[in-house]
Every structure is written in structure tokens, then in C-alpha cells.
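What you see is a predicted model; the values in this text were computed from it and never measured.
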Amino acid sequence: MAPAPVPLLVAAFSLLFAAATPIRDVADACSSQVQAADFEHLNSTAMHLPLHHSRGPCSPVSVPSDLPFSAVLTHDDARIASLAARLAKAPSSSSARPAVTVASLYRANDDVDGVAASLASVPLTPGTSYGVGNYVTRMGLGTPAKPYVMVVDTGSSLTWLQCSPCRVSCHRQSGPVFDPKTSSSYAAVSCSTPQCNDLSTATLNPAACSSSDVCIYQASYGDSSFSVGYLSKDTVSFGSNSVPNFYYGCGQDNEGLFGRSAGLMGLARNKLSLLYQLAPTLGYSFSYCLPSSSSSGYLSIGSYNPGQYSYTPMVSSTLDDSLYFIKLSGMTVAGKPLAISSSEYSSLPTIIDSGTVITRLPTTVYDALSKAVAGAMKGTKRADAYSILDTCFVGQASSLRVPAVSMAFSGGAALKLSAQNLLVDVDSSTTCLAFAPARSAAIIGNTQQQTFSVVYDVKSNRIGFAAGGCR
């Protein structure tokens, strides 16, 4: 992906006098609440949120119905490139802006609503790309609370959403933009706070500071999308549960492909992530079931039923301590192990990620998997390669006979893949193996996780899988 550069150094007058971008409300396709009794693996004492695929029938955000799957793959490849750059501690090659200049929101000697700030130019390090292949839920913010549609991302730390008056730019979102003036519990965060200092690890970019001591966050992503705004705190709520003094980004310049969500909910391992901020109240664990694009799932924060899962240990890594690393130990096709050395599975570090669509495997592992699946489906007509997917067949995943494929992890956990976990339909007549060769890290993507209940037990340093979490 080679997006055009998007300059963040904005002229003073556009920063000072730009009106809020008009945003049209988008009616929800449907609405629902998650009840523990509706899902086999949910604990009644945790906090449960409905989770929707961004392209699903109940998604509260709008994705064009004619969007080609190649667009999903383009964004997915940008995310992979930016994750690789994070692990290499280098600027992402997926961005056409290797060193992006970022302006603080207000110019010296000018005053807007009591906030005056000097220009600050710093290089931005892209984080992960997200958009059309992701999952969304609703988060309440402010007093009184109002709901906002958020992308759920285990690869990001800082939670942020668009804020009125959108002094520079806001993308279109479902529902109204959050207005801090309407919340009695809202407060901007000072530059001298520990939370402002923590932004460098949460966003991979240094914080900026206005001359009136307001902390400014800067988050950029692998597809050149970005959000810049004020670090703030307010009461966050989910249904009847509310937590005061929640730190998040109040975005004033939000540009890119965010799928009409209000912002991003970060669940990575970082002090500023939603998980860590809610942990004193709910505990250091969360689980989800990523639904197919034809159903709904859940995000659950807090306690869970431990006896229902098989577990694999989280692996410590110095590459990036906010991501979730695990160890892939083997794969079978039609009950037979792949014809490779067991050491090949651990030749690259492995990350589990909610925002990556196509799973990436070490090249040797991928080649063996592709060969084994193609051999097991030798009676099925082959189709031409589609973008990065080179093992394709004529037909749809639901109508083809596919071999049983299992992914095994250290500790005994396993994912036994259905046809929809193994293959992905790229158009009305073609389905492809939903795996690709890895670059610098193997990544367990969301296609393989769909319909499984996946628990991230950070306190016990383990990740668990259970089949039949949702449809």
C-alpha cells in the first residue's frame, strides 16, 4: 500500500477558525444487549458488550456493500507492515510519511477557548492500521453518558474518540461527535501528569504540550490515518457499569479510513489501555467472540469461567511488551502433521491480534500448509491467485468439502478450524486459503479466531480458546 502523504502541520488559521466537519447520523442496522445466558462461555459477574463485524448486518457503522475484498487485504497488508515496523523499532514502510510533522493544535499568542499553544514538529511512528476488517462495539462516555461506536483493537493501547468542535478535521461517524462541554465530569489532562508521560509507550509517539499546559497526544497508523488531540479524563460507562477518571484521547484532527466509528478502544498491555484502567474494578482479563459477518458476538471484561478453555502461555518478548505473544507449536491437515520440522513453527515470534484479517505464518510453514490443503482438495477446481492469497478455489467456503485443519499451541491449546476459519470468500465465485507468508512475525488473525471464545488472562499470563463461543 502506498498512500499519499497527509501533512499534519496545519496552518494557524485553519486550526483556529475551522468549523466542525458536518457529520450525518447513520441509523443502526439493529441493536442488542449481551446476556450471559445467551453465550455458553460468559460469566454473569463480568461486563459484557455486543461485538459486531464492521461489515455485519448488525454493525452500527456503515461499510460500502460493493467494497471489494482487495480493499480489505490492502488495509490488512498495511497493518502487517506497521506491526513489523513496531517490532523492528523502525518507521513503517507502509506509510508514505517516514517522518511526519505534527502541529500542536493552536499557535503561540493566539487564544481559543482559553487554550494557546506553540507549534511543535515531531516525527510520528505509525502504529497499526485498522478499518474495514475490524470489530466494533459501543462505549459510553461523559456525565450524563452517551454511547459511541468504537473499533476494538488488541494491538493498540490508547483509547481515543473524535471530539467537538473538531477544530481541524473529523471523519464521518455513526451518531453525534462527543462534546466535552456537555459532560460535567470532563477534564483536560496536564502535561505534568504521569499519564501524559506514558503516551510515548501507548502511542509510540512523544506527547506535545500546549502553552497552557494541556497534554496533546499523537496517534498515527500504518495506512496514514491518524488522530491528534487532547489527553483527557472522564467517566466511561458500559451499560450500568461506570468508572470515573478514565484517561483517553479527545481527538481534534482525525483523518483516514475509520469506517464511521467514533474512535478506537485499546486493549493492549499498557497502563493507558482500557483493560489496565478498568482492572482495579473488573480484573486483569477480557474475552471476546469475534462473530462472522452474518452474526453478532461479544466483548467481556472481567471474570470468566476458567474450566471451559484450553490455554497457552503468553510469551514474554522484548520486541514489544504491549502486544500479545504466544507460541505456535504445530499444524495438522486431515489429521496429518505438516511435513516440516517442529522448529519451523517457532522460527518467528507469533502474535495473536484482533485487527489482522489474514493469518501470517513463517514461510516454510505456510508453503507446507498450502501444499497440504491443495492436496486434500485436489478434486476442487483451482482459481487464480487473488492479491496476496495464492491458494484459491472456485466456489464458496460454505459449499466446498475442506479438510480438517488444526492449529496447536504450546500448553495444549488448539484451534480446530471450520471451513469459514480456513477459507475466505473473496468474491461471489472464488474462495482462498486465509493464510499468507509472514514477514518478520507470525500473526494469528481474526478469520481463524471467528466463532471461538478467546480469553486474555493477563493476571495469569495465559490465553485460552474454546469452540462454539458464537456464530
Side-chain angles (χ1 to χ4, degrees), residues 49 51 54 61 75-76 78-87 89 92 94-95 124-137 139 141 148-162 171 195 198-207 217-229 231-232 236 246-251 254-259 261-279 286 288 290 299 301 314 317 319-325 351-357 441 443-446 449 454 456 458:
L49 312 174
L51 194 61
S54 60
V61 295
H75 287 283
D76 206 45
R79 184 179 181 92
I80 295 300
S82 53
L83 280 169
R86 282 174 63 174
L87 300 182
K89 304 296 192 295
S92 172
S94 70
S95 173
L124 276 190
T125 302
T128 48
S129 171
Y130 64 98
V132 293
N134 295 110
Y135 291 83
V136 294
T137 191
M139 177 184 82
L141 189 67
Y148 300 93
V149 178
M150 307 290 284
V151 172
V152 174
D153 189 7
T154 60
S156 296
S157 297
L158 180 70
T159 295
W160 64 263
L161 81 169
Q162 302 194 113
H171 59 268
Q195 290 79 13
D198 290 339
L199 281 174
S200 60
T201 58
T203 66
L204 309 180
N205 295 297
Y217 76 92
Q218 307 164 42
S220 59
Y221 301 92
D223 60 356
S224 291
S225 300
F226 61 85
S227 175
V228 179
L231 184 63
S232 306
V236 65
F246 174 71
Y247 290 85
Y248 65 98
C250 197
N254 315 284
E255 302 183 35
L257 301 173
F258 297 111
S261 64
L264 179 145
M265 180 187 292
L267 290 171
R269 304 175 73 174
N270 182 275
K271 293 178 182 178
L272 287 181
S273 77
L274 179 78
L275 170 66
Y276 276 59
Q277 291 193 61
L278 298 188
F286 69 93
Y288 57 62
L290 305 180
L299 169 66
I301 301 175
M314 292 182 187
S317 176
L319 296 174
D320 189 320
D321 58 9
S322 69
L323 297 174
Y324 295 97
F325 289 86
I351 300 164
I352 183 169
D353 180 43
S354 68
T356 297
V357 177
I443 301 174
I444 310 302
N446 60 39
Q449 297 178 59
V454 183
Y456 293 68
V458 177

Minimum heavy-atom separation for [X] and [Y], please, with both atom names.
{"X": "Val357", "Y": "Asp76", "value": "N-OD1, 2.7 Å"}
{"X": "Asn270", "Y": "Ala202", "value": "OD1-CB, 3.5 Å"}
{"X": "Arg86", "Y": "Ser322", "value": "NH2-OG, 3.1 Å"}
{"X": "Tyr324", "Y": "Ala268", "value": "OH-C, 3.7 Å"}
{"X": "Gln218", "Y": "Ala207", "value": "NE2-C, 4.0 Å"}
{"X": "Leu272", "Y": "Gln277", "value": "O-NE2, 2.9 Å"}

Report the distance from atom [atom1] of [X] to atom [atom2] of [Y], rounding to the nearest 0.5 Å.
{"X": "Ser354", "Y": "Asn134", "atom1": "OG", "atom2": "CG", "result": "6.5 Å"}
{"X": "Ser82", "Y": "Leu204", "atom1": "OG", "atom2": "CG", "result": "10.0 Å"}
{"X": "Tyr217", "Y": "Leu199", "atom1": "OH", "atom2": "CG", "result": "10.0 Å"}
{"X": "Thr159", "Y": "Leu264", "atom1": "OG1", "atom2": "CG", "result": "6.5 Å"}
{"X": "Asn205", "Y": "Phe226", "atom1": "CG", "atom2": "CZ", "result": "12.0 Å"}
{"X": "Asp153", "Y": "Arg79", "atom1": "CG", "atom2": "CZ", "result": "4.0 Å"}

Thr137, Val152, Thr154 screened by side chain to side chain contact (heavy atoms under 4.5 Å, CB included) with Tyr288, the one that passes =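 Going through Thr137, Val152, Thr154 one by one, the side chain to side chain contact (heavy atoms under 4.5 Å, CB included) with Tyr288 is satisfied by Thr154 alone.
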
message = Less than 4.5 Å apart, side chain to side chain, heavy atoms only: is that true for Ile351 and Thr356?
response = no

ring-ring contact (aromatic ring centres under 6.0 Å, His included) involving Tyr148 - partner list, sequence neighbours excluded =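 Per chain and number, Tyr148 pairs via ring-ring contact (aromatic ring centres under 6.0 Å, His included) with Phe178.
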
key: Full working for side chain to side chain donor-acceptor pair (under 3.5 Å) between Asn254 and Ser227   = CA-CA 4 Å; Asn254 315 284; Ser227 175; 2.7 Å; yes

query = Do the ring planes of Tyr248 and Phe246 sit parallel (below 30°), tilted (30 to 60°) or perpendicular (above 60°)?
reply = parallel

task = Return the orientation label for the Phe286 and Tyr456 ring planes: parallel under 30°, perpendicular over 60°, tilted otherwise.
result = parallel

key: Contacts of type side chain to side chain donor-acceptor pair (under 3.5 Å), residue Tyr247, not counting sequence neighbours   =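 Expected list: none.
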
